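In this text the structure is predicted, and so the values were computed from the model without any measurement. Each chain gets a letter, A, B and so on, in the order its sequence line appears, and its residues count up from 1.
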Amino acid sequence: MKILVTVSEVAEADDEFEIDGLSIDDRYLTYDLNEWDDYAIEEAVQISESHDDVEVVTVTVGPERAEETIRQGLAKGADRAVRVWDDKLDDVELVDSATKARLLAGVAREEDPDLVLSGVQTADMAFGSTGVALASELGYEWGAVVNQLDLEDDVASVHRELEGGVEELTEVELPAVLTIQTGINEPRYASLRGIRQAQSKPLDVKSPADLGVELDQSVLSLTSLEEPETESDVDLFEGSADDTAEELATLLREKGVEA
Amino acid sequence: MSDVLAVTEHRRGDLRDESFELITAGRELADGSDGDLHLAVISGDVDDFADELNREGVDAIHTVDRGEEFNHDIYRQVTEQLADEIDAQYIVAPHSVNGLDYAPAVAQTLGYPLVTDIVDADAEGGLSVTRELYNGKTEADVEVDSERAFVTVRPGEWDATEGDGSATVEAFDAAIDEEQVRSTVTGFEEVGAGDVDISEAEVLVSVGRGIEEEDNLDIIFDLAEALDATVSSSRPIVDNGWLPQDRQVGQSGKKVTPEVYIAVGISGAVQHVAGMKGAETIIAINNDPSAPIYDIADYGIVDDLFDVVPALTEQFE
Ligand SMILES: Cc1cc2nc3c(=O)[nH]c(=O)nc-3n(C[C@H](O)[C@H](O)[C@H](O)COP(=O)(O)OP(=O)(O)OC[C@H]3O[C@@H](n4cnc5c(N)ncnc54)[C@H](O)[C@@H]3O)c2cc1C
């Protein structure tokens, strides 16, 4: 059995940051493994540990910088990785999920996995649509926002986490793409040995052309990027922790809060 | 080709609030291109739902009486066929867990660009939408360079449409390909109730990932005790297994409306805010001044929680 895990690198902005044109100035960005994908990797690795003959391959649409993040997945137990990129994408402010899905599908067609695990969304852009778009592109079945997964032969029994503490129980025919929700498992930390081994695991780099995918002109373009204006006028207490705590205590007492 | 198709949502016998907000958002888009607003009502008690949804601004309601609950393979096929039938310029759906479960598939097959989780839209002379980027820290305007598009709208951003309407209601004869229905919903499960009901609390001290370690929760419980408050949390605390699921505030947790909500080390992600924006007074303790929690907080202390929380507890001892 083969499991393909889509892995994204996400950008996190510092507490204080500056916007440079249509993106956050790179000096204020830190890149890391997307939280949701961490859970997807863990789910795949756990399946490979509890079943015979399971290969876990990760696939990333991302520039060379993302290789550090990709190695994290390998260190946590994925067997090998594929990265897809084209320099043309460097200038695209917002890569839409259709484009990502087509690139990922190019790799999926070569790998022919039984199961694809994606994260529900990326933390930074949060479109939440790549996994299901990929399923559609491949003609696979799918399930979004999965927080429990059991595999039986060619069916995945999943719980989909709906709103308000309700879960939907669904049987999904394989091959399928499942988007994985946080909390489904406990992602491991990479061991030192894992980190060492990751360095020698295969990480293939492909271009869209290698995959027979032609990139269209991006249909989404940013026209502005701003820090949102605060809707409520937040009253900030300033000073030392003792001072602010005292001010807040006074406020709380006014509101009738007290043991 | 100027009409808008809005796909409504229901669960276990009730229309969801988002469906009525969708009418407002859909009408706005339709006005931008002088088009009609069509609603799709798929599965469940479609006639009752259609009645309830027949509100101001809706031109036509198409019902598909098939099955009781949401199934993405059915929603997908019906939405694609309806969009084709009415030659929809824009398709709208709620940015909900089920919306996420079919919108991308429909968009991909129909070749409609998809923009999810929009908070604003302008359809005068082409479509431009507003959404957050970078974890809610920035807001972006996105121009969609296409005649057609599929957008999912953030719950709570458009007011529900209330006034009565005079839409035509018609059963749509969808041709469902059973071969393409490859998933089956077998039931629902509810997260079990624990010993405390956070939705009953008047004062909540709510803790987020800023607390860093399980052991550090002590300072949160100490504060809650000093204030005679109840402890709740954001999702990562529950995901980590540090607190039981019934303490989670938010979209997939509980909705709370206490007198006072103190968010400690919580960034204020949209799914968290969905569960607590109804609190009377919101107080944030977060050392990141750009954290979105400050967009909805009434009071705040931009400082290290490990300094502020113990100092606050001391004030009440
Ligand atoms: C389908 C779906 C459903 C979801 N449902 C929910 C839900 O029901 N509830 C929910 O909460 N989330 C939910 N989420 C997750 C949500 O998107 C966020 O990931 C989550 O709310 C983040 O939790 P947080 O604010 O605790 O953590 P973070 O976003 O990591 O924020 C931690 C904050 O702590 C601050 N901080 C760090 N150290 C300190 C310090 N020493 N002093 C002061 N401040 C500090 C940081 O500045 C930061 O702002 C859902 C997501 C999805 C996709």
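- In this structure, the side chain of B:Ser290 does not engage the main chain of A:Glu16 through any donor-acceptor pair within 3.5 Å.
- Looking at B:Arg11, its side chain never comes within 3.5 Å of a backbone N or O of A:Leu162 through a donor-acceptor pair.
- Chosen from A:Arg253, A:His159, A:Glu247, A:Glu137, the residue pairing most often with chain B at heavy-atom distances under 4.5 Å is A:Arg253.
- When the candidates B:Leu133, B:Val302, B:Val115 are compared by the number of heavy-atom contacts under 4.5 Å with chain A, B:Leu133 comes out ahead.
- Listed options B:Lys137, B:Gln180, B:Arg16, B:Gln248 were ranked by heavy-atom pairs under 4.5 angstrom with chain A; first place goes to B:Lys137.
- In terms of heavy-atom pairs under 4.5 angstrom with chain B, the leader among A:Gly128, A:Ser224, A:Pro187, A:Ser129 is A:Ser224.
- Interface residue A:Val145: only side-chain heavy atoms are found under 4.5 Å from chain B.
- At a 4.5 Å heavy-atom cutoff, B:Asp246 makes no contact with chain A through either its backbone or its side chain.
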Between B:Val260 and A:Leu252, is the side-chain contact (heavy atoms from CB on, under 4.5 Å) condition met? List the steps. CA-CA 8 Å; B:Val260 176; A:Leu252 288 171; 3.8 Å; yes
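- Across all their heavy atoms, B:Ala105 and A:Val132 have their closest contact at N-CG1, 3.8 Å.
- Around atom CD of A:Glu246, no more than 12 heavy atoms belonging to other residues, nucleotides or ligands sit under 6.0 Å away.
- Counting all heavy atoms, side chain and backbone alike, B:Leu114 lies closest to A:Ser97 at CD2-OG, 4.3 Å.
- Considering only heavy-atom pairs separated by less than 4.5 Å from chain B, the leading option among A:Leu94, A:Thr130, A:Ile24, A:Val158 is A:Ile24.
- Of the two parts of B:Thr152, neither the backbone nor the side chain holds a non-hydrogen atom closer than 4.5 Å to a non-hydrogen atom of chain A.
- Closest heavy-atom contact between B:Pro113 and A:Leu220: CB-CD2, 4.5 Å.
- With A:Tyr140 as the aromatic partner, B:Arg182 does not meet the cation-pi criteria of under 6.0 angstrom to the ring centre and within 45 degrees of the ring axis.
- For the atom pair CD of B:Gln108 and CG of A:Leu134, the computed distance is 8.5 Å after rounding to the nearest 0.5 Å.
- Top candidate by heavy-atom pairs under 4.5 Å with chain A, chosen from B:Asp307, B:Leu100, B:Val129, B:Ile282, is B:Leu100.
- Counting heavy-atom pairs under 4.5 Å between each of B:Glu190, B:Lys254, B:His72 and chain A puts B:His72 at the top.
- Heavy atoms of A:Ala135 lying under 4.5 Å from chain B are absent altogether.
- Residue A:Gln121 touches chain B through its side chain alone, counting heavy-atom pairs closer than 4.5 Å.
- Taking A:Glu161, A:Glu238, A:Glu227 one by one and counting their heavy-atom pairs under 4.5 Å with chain B, the maximum is reached by A:Glu161.
- Comparing B:Asp228, B:Thr109, B:Ile262, B:Thr116 by heavy-atom pairs within less than 4.5 Å of chain A, the highest count is held by B:Thr116.
- Summarising the local packing, CD of A:Glu12 is surrounded by 12 or fewer heavy atoms from other residues, nucleotides or ligands at distances under 6.0 Å.
- In this structure, B:Glu314 places its CD atom where only 12 or fewer heavy-atom neighbours from other residues, nucleotides or ligands lie under 6.0 Å away.
- Between B:Arg209 and A:Glu35 there is a salt bridge, since a side-chain N of the basic residue sits under 4.0 Å from a carboxylate O of the acidic one.
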Begin with the C-alpha distance, continue with both residues' side-chain angles, and end with the deciding distance and a verdict on side-chain contact (heavy atoms from CB on, under 4.5 Å) for B:Asp145 and A:Gln217. CA-CA 10 Å; B:Asp145 184 17; A:Gln217 194 72 26; 5.7 Å; no
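- For B:Asn98, the parts lying near chain A are the backbone and the side chain together; criterion is any non-hydrogen pair under 4.5 Å.
- Nearest heavy-atom pair, B:Val203 versus A:Val257, reported as atom, atom and distance to 0.1 Å: CG2-CG2, 3.9 Å.
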Please lay out, stage by stage, how B:Glu280 and A:Lys255 fare under the test salt bridge (Lys or Arg N to Asp or Glu O under 4.0 Å). CA-CA 10 Å; B:Glu280 191 70 35; A:Lys255 306 248 169 228; over 6 Å; no
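- Interface remark: A:Leu29 contributes side-chain atoms only to the contact with chain B (heavy atom separation under 4.5 Å).
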Can A:Arg160 and B:Glu69 be said to form a salt bridge (Lys or Arg N to Asp or Glu O under 4.0 Å), step by step? CA-CA 14 Å; A:Arg160 291 183 56 234; B:Glu69 296 292 341; over 6 Å; no
Could you walk me through whether B:Asp73 and A:Glu141 pass the side-chain contact (heavy atoms from CB on, under 4.5 Å) test, one step at a time? CA-CA 9 Å; B:Asp73 295 311; A:Glu141 190 50 33; 3.0 Å; yes
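- At a 4.5 Å heavy-atom cutoff, A:Ser157 makes no contact with chain B through either its backbone or its side chain.
- Summarising the geometry, atom OH belonging to A:Tyr39 is positioned 4.5 Å from atom CG belonging to B:Asp239; distances are rounded to the nearest 0.5 Å.
- Closest of all the heavy-atom pairs between B:Asp101 and A:Ala144 is OD1-N, 3.0 Å.
- Distance check, rounded to the nearest 0.5 Å: CD of A:Glu186 to CG of B:Asn240 gives 7.5 Å.
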Using the side-chain contact (heavy atoms from CB on, under 4.5 Å) rule, take A:Phe237 and B:Asp303 through it: C-alpha gap first, then chi angles, then the decisive distance, then the call. CA-CA 10 Å; A:Phe237 300 136; B:Asp303 202 351; over 6 Å; no
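- Within a 6.0 Å radius of CD in B:Glu147, no more than 12 heavy atoms belonging to other residues, nucleotides or ligands are found.
- Rounded to the nearest 0.5 angstrom, B:Glu143 CD and A:Ser218 OG are separated by 11.0 Å.
- If you measure heavy-atom distances from B:Gln271 to chain A, the contacts under 4.5 Å come from the side chain alone.
- Although no hydrogens or angles enter the test, the distance criterion places no donor-acceptor pair under 3.5 Å between the side chain of A:Glu167 and the main chain of B:Val191.
- Scanning for salt bridge (charged side-chain N to carboxylate O under 4.0 Å, His left out) contacts around B:Arg154 gives B:Asp117, B:Glu132, with sequence neighbours left out.
- Atom CG of A:Asn147 is separated from atom CD of B:Gln245 by 7.5 Å, given to the nearest 0.5 angstrom.
- Contacts between A:Asp242 and chain B at a heavy-atom distance below 4.5 Å involve backbone atoms as well as side-chain atoms.
- In this structure, the separation between CD on A:Glu168 and CZ on B:Phe70 is 7.0 Å, given to the nearest 0.5 Å.
- Within the 4.5 Å cutoff, side-chain heavy atoms of A:Thr170 are placed close to those of B:Val185.
- Among A:Leu248, A:Val172, A:Thr250, the residue with the largest count of heavy-atom pairs under 4.5 Å with chain B is A:Leu248.
- Counting heavy-atom pairs under 4.5 Å between each of B:Lys255, B:Arg76, B:Arg131, B:Gln251 and chain A puts B:Arg131 at the top.
- Ranked by heavy-atom pairs under 4.5 Å with chain B, the first of A:Ala176, A:Gly239, A:Gly183 is A:Gly183.
- Other residues, nucleotides and ligands contribute over 12 non-hydrogen atoms within 6.0 Å of the CD atom of A:Glu93.
- Taking every heavy atom of both residues into account, B:Gly136 and A:Pro228 meet most closely at O-CG, 4.2 Å.
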